[in-house]
2 protein chains.
Amino acid sequence: MKQETRKEEIIKTAARLFKEKGYSAVTMRDLAKAMGIKAASLYNHINSKQEILKEIIISLAEEFTRGISIIKSSEKPCIEKLNEIVALHVSIASKNTYGMASLNNDWMHLEEQLPYYLELRTNYENEFRNILKEGIKKNEIIDSDVEVLLFSILSTLRSLYLWIPKKEDLNSEELTSHLSSILINGINK
Amino acid sequence: MKQETRKEEIIKTAARLFKEKGYSAVTMRDLAKAMGIKAASLYNHINSKQEILKEIIISLAEEFTRGISIIKSSEKPCIEKLNEIVALHVSIASKNTYGMASLNNDWMHLEEQLPYYLELRTNYENEFRNILKEGIKKNEIIDSDVEVLLFSILSTLRSLYLWIPKKEDLNSEELTSHLSSILINGINK
DNA sequence: CAATCAAACTAACAAGTGTTAGTTAAATAT
DNA sequence: ATATTTAACTAACACTTGTTAGTTTGATTG
């Protein structure tokens with residue numbers, strides 16, 4: 001059994017609180033209370049509030065980077081790559097809905113790690129954009145403004161963390177295939 | 001010429017700061033500095049920090065409520081109603097990209113007004129859902145899970161405020177029609 | 001000219017902030 | 001049994017927070 005260290009418990013609890021109120025509105029005393037200890041005791045396990053945010057965000061951002069790098073280097077058709085991107089987002093967001101909130105809303109409170117985070121995000125968007133461009137060139141997807149395509153799809157995928165907890169009945173495979181179908185084929189009959 | 005009151009200036013500046021760092025991370029001293037005055041002077045014009053947030057969020061939420069209520073009561077086909085919803089979001093988000101950030105990310109910091117805000121939001125989502133259900137019943141749109149449809153479209157529309165500032169070249173009509181086309185017809189060729 | 005008003009100011013407050021230092025008690029390893 | 005480690009504690013710090021009270025200044029109005 002993979003047992004959690006105390007530090008991991010703290011980070012997980014913090015992520016949950018950060019999702020509810022945002023990083024800045026959560027105090028170390030709030031976090032301590034949620035853990036059933038005093039604020040000062042947190043510092044036996046973590047070095048700073050900042051560090052908690054860093055751990056949450058950077059590990060997720062790197063997970064996305066690894067994911068898209070694998071998808072990118074396959075030789076499948078573009079539509080299938082898109083399918084895999086949807087699956088990647090569903091999978092990561094399902095495992096960690098709390099952390100995804102920080103990734104989306106609290107990244108600006110990173111300090112030393114902010115440039116690194118921005119690099120990862122830009123890189124991710126570029127890989128995504130390249131897949132779309134390739135799809136357009138190979139006549140697999142419509143020749144619409146790439147930025148609007150990218151924005152539209154990515155917005156939906158980035159919001160998954162908000163909806164997954166409300167739809168626990170839907171399993172990951174179903175959600176992925178429904179979503180892919182809507183994003184690729186639209187809602188028109 | 002419609003001249004702005006000092007209070008409106010403060011609210012506008014606050015919205016800009018709230019978009020950059022979130023409500024909780026912006027202090028009254030930050031806001032005062034951005035206005036070129038001292039923090040205490042803000043209180044000649046506003047009653048509290050809370051009140052600023054309320055003004056930003058509630059006015060926007062009511063604007064959406066008014067908008068969808070007009071769209072709902074028309075006799076047009078469902079696909080056209082969707083088109084009008086897209087136009088509504090593009091229009092409001094274009095006029096007030098800063099405020100939209102608070103509406104999306106800082107609503108949980110409302111206090112007395114939180115129940116009212118939640119009521120407006122639930123109502124909006126219900127109206128939207130009804131339009132989708134009607135479209136499915138009348139065979140205008142695919143018979144997919146309504147919640148996934150709603151989530152997918154709404155996520156894109158709610159993120160518009162993040163993208164509009166980066167795409168100043170695209171005018172509202174173009175953006176609306178591109179977006180409608182992608183949401184309705186998908187990206188498949 | 002005197003009075004009013006809008007909008008800034010200084011000074012201060014009580015409460016809350018992240019964090020450090022030093023201590024204690026129980027569990028684990030030698 | 002002794003030593004070490006883990007993980008909690010109390011007390012306190014320097015600073016920041018939203019906000020209030022009272023004052024000053026310059027423009028507008030009677």
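Computed from a predicted structure; not experimentally measured. A, B, ... follow the sequence lines: proteins, then strands. Residue 1 opens every chain.
- Atom-to-atom, NZ of B:Lys54 to P of D:dG18 comes out at 18 Å; the value is rounded to the nearest Å.
- Between B:Thr27 and D:dT16, a side-chain N or O to OP1/OP2 separation shorter than 4.0 Å is absent.
- Between A:Glu51 atom CD and C:dG18 atom P there is a gap of 15 Å when expressed in whole angstrom units.
- Between A:Asn44 atom CG and C:dT20 atom P the separation is 12 Å, expressed in whole Å.
- Side-chain proximity of B:Ala39 to the nucleotides D:dT19, C:dT20, D:dA8 is greatest for D:dT19.
- Put simply, A:Ser41 has no side-chain N or O that comes within less than 4.0 Å of OP1 or OP2 on D:dA7.
- Residue A:Ala25 is the one, among A:Ala25 and A:Ala40, whose nearest nucleotide of DNA chain C lies closer to the 5' end (criterion: closest heavy atom).
- In this structure, A:Met28 atom CE and D:dC9 atom P are separated by 14 Å, rounded to whole Å.
- Under 4.0 angstrom from either OP1 or OP2 of D:dT10 there lies at least one side-chain N or O belonging to A:Lys38.
- Ion pairing of B:Glu9 with B:Lys12 is absent here, as no side-chain N (NZ or NE/NH1/NH2) approaches a carboxylate O to less than 4.0 Å.
- Taking only side-chain nitrogens and oxygens, A:His45 comes nearer than 4.0 Å to OP1 or OP2 of D:dA8.
- No side-chain donor from either of A:Ser155 and B:Ser155 sits under 3.5 Å from a side-chain acceptor of the other.
- Set against C:dA7, D:dT19, C:dC9, the side chain of B:Ser48 has D:dT19 as its closest nucleotide.
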A:Ile153/A:Phe128 under side chain to side chain contact (heavy atoms under 4.5 Å, CB included): CA gap, chis, key distance, verdict: CA-CA 10 Å; A:Ile153 301 174; A:Phe128 202 149; 3.8 Å; yes
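- Per the geometry, OH belonging to B:Tyr43 stands 16 Å off C1' belonging to C:dA8, to the nearest Å.
- Between the C1' atom of C:dG16 and the NZ atom of A:Lys21 lies a distance of 12 Å, rounded to the nearest Å.
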Quick one, B:Lys7 with B:Glu55, criterion side chain to side chain contact (heavy atoms under 4.5 Å, CB included). Give me CA distance, side-chain angles, the key distance, then yes/no. CA-CA 11 Å; B:Lys7 178 170 180 176; B:Glu55 302 264 2; 3.4 Å; yes
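- When the P atom of C:dG18 is taken as reference, atom CG of A:Asn47 falls 16 Å away, rounded to whole Å.
- A donor-acceptor pair shorter than 3.5 Å can be found between the side chains of A:Glu62 and A:Tyr116.
- Rounded to whole Å, atom P of D:dT17 lies 7 Å from atom CZ of B:Arg29.
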